[in-house]
Amino acid sequence: METEATTARGWREWHDAEQPLRIGVSACLLGQEVRFDGGHKRDRFVTDILGPFVEWVPVCPEVEVGMPIPRPSIRMVSSELGERLVCPKSGEDFTEAMQAYSLQKIEQLKLLGLDGYVFKRGSPSCGMERIPVYRNGTPLHKNGRGLYAGILQDQMTSLPVEEEGRLNDPPLRENFIERVLCNNRWRVARKRGLSRGRLVQFHQAHKLLLRTHDEGGYRRLGTLVGSAGTIPDEELYERYGEEFQSCLRIKPTVKRHTNVLQHAMGYFKNLLDSQEKRELLTSIEDYRLGLIPLIVPLTLLRFNMRRHKVEYLLDQIYFDPHPKELMLRNHC
Ligand code: SF4
């Protein structure tokens, strides 16, 4: 059984109870009754599973821009002036007000330091994508973005964002939470105060995780860390943070996970007998073929890492990246 002591090197070492995951969220997903009909859209994954680990920053752009509760519904409308946020009942156009509000709000959010954002799907204000756009009262297409959500995504390009509906998809959920946790670790590292040595440790701890996202990005980060001393430290940290986030934007694949698992297996060349090696190889191959979830070869590797005290692997966030209560890696 895993104990706190045996896993303390994973995500725990790099997080800080004083700096919890800070995630922006459409306020109605938390159960706040701010919707046009006076109701809410409480999402159980958001509140019950993610909630205990998160300091939410709830935002209802429609209420904050001055709309009442309840209120007539609004929609995105295509016109000669471009896409507008309009109340079809009254004809009132909220586009300029929402744009001005969004820019101001986003500046506040940048100062706050968010690790991610969960939007309410389908909303003409908060929806991330696939928002219906109307012309002359009839649907024209479904490729719109909510006005506030679109501006936020354009202004905070490296912020991990998702919609509550997409978080029901295990790979999307896994990727979103992993990026949120990575952002938080970087934010905590910066807050605690970086040094060149600490940057090397941070990079070392994330090596295998980064390789599941983007080998090229992982190598560029390694080169950057190796150039410490040739560029000013603050510039080094800024560039590392940007490259780190852009590397994480690329989604992990089964092939890259398999490569990383096989690489990790190389550390047991002289430590396992032939039957143990066969067992490990079979679980990696079964994962590659989609027969078992990632958690199976990972658990086997973790067991052997601890048994044989393989220090390099024990330091890798990849093997203990998030609280197990989030139940990630069980389905993909
Ligand atoms: S979707 Fe956004 S704008 Fe609409 S009620 Fe929820 S938080 Fe408010």
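Whatever order the structure lists them in is the order used to number ligands and atoms, beginning at 1. Residue numbers run from 1 in the order of the sequence given. When reading the values below, keep in mind they use all heavy atoms of this one structure, side chains included, and skip hydrogens, waters and symmetry mates. Note that this is a predicted model, so its numbers are computed, not measured.
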Novice: What are the atoms of ligand 1, with element, lying closer than 4.0 Å to any heavy atom of A27?
Specialist: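 Contacts of ligand 1 toward A27, numbered from 1: 7 (S).
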
Novice: Which heavy atom of the protein is the closest neighbour of atom 8 (Fe) of ligand 1, given with residue, atom name and distance?
Specialist: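 That would be C60 SG, 2.4 Å.
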
Novice: Taking the six-membered ring for Trp and the single ring otherwise, decide whether the centroids of H203 and Y240 are under 6.0 Å apart.
Specialist: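 Ring centres of Y240 and H203 closer than 6.0 Å.
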
Novice: Under 2.8 Å from atom 6 (Fe) of ligand 1 - does any N, O or S atom of C126 fall there?
Specialist: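 It does not: C126 brings no N, O or S atom closer than 2.8 Å to atom 6 (Fe) of ligand 1.
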
Novice: At what distance is the nearest protein heavy atom to atom 5 (S) of ligand 1, and which residue and atom is it?
Specialist: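 Ranking protein heavy atoms by distance from atom 5 (S) of ligand 1, first comes R35 CG, 3.5 Å.
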
Novice: Can you sort out which atoms of ligand 1 are near K120, meaning under 4.0 Å from one of its heavy atoms?
Specialist: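 Matching atoms, with element in brackets: 1 (S).
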
Novice: Could you tell me if any non-hydrogen atom of V63 lies under 4.0 Å from any atom of ligand 1?
Specialist: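 It does not, in that no heavy atom of V63 comes within the 4.0 Å cut-off of ligand 1.
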
Novice: Enumerate the atoms of ligand 1 whose separation from the nearest heavy atom of S26 is less than 4.0 angstrom.
Specialist: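 Counting from 1, the qualifying ligand atoms are 7 (S).
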
Novice: Using a strict 4.0 Å cut-off to heavy atoms of V59, name the atoms of ligand 1 that fall inside it.
Specialist: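 Near V59, meaning under 4.0 Å from one of its heavy atoms, ligand 1 has 7 (S).
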
Novice: Using a strict threshold of under 4.0 Å (side-chain N to carboxylate O), is an ion pair present between R239 and E243?
Specialist: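 Salt bridge between E243 and R239, a charged N being under 4.0 Å from a carboxylate O: no.
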
Novice: Where does the angle between the aromatic ring planes of F244 and W186 fall among parallel (under 30°), tilted (30 to 60°) and perpendicular (over 60°)?
Specialist: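 Tilted, since the angle between the ring planes falls between 30° and 60°.
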
Novice: Under a 4.0 Å N-O cut-off, is there an ion pair linking E174 with K251?
Specialist: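 Salt bridge between E174 and K251, a charged N being under 4.0 Å from a carboxylate O: no.
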
Novice: Would V133 and M98 show up in the same hydrophobic cluster when neighbours are defined by side-chain heavy atoms closer than 4.5 Å?
Specialist: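 Yes.
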
Novice: Return the closest protein heavy atom for atom 6 (Fe) of ligand 1 as residue, atom name and distance.
Specialist: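 Closest protein heavy atom to atom 6 (Fe) of ligand 1: C28 SG, 2.3 Å.
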
Novice: Between F119 and Y117, how do the two ring planes meet: parallel, tilted or perpendicular, split at 30° and 60°?
Specialist: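 Aromatic pair F119/Y117 classed parallel.
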
Novice: Is the closest basic N to carboxylate O distance between D93 and R84 below 4.0 Å?
Specialist: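 Yes.
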
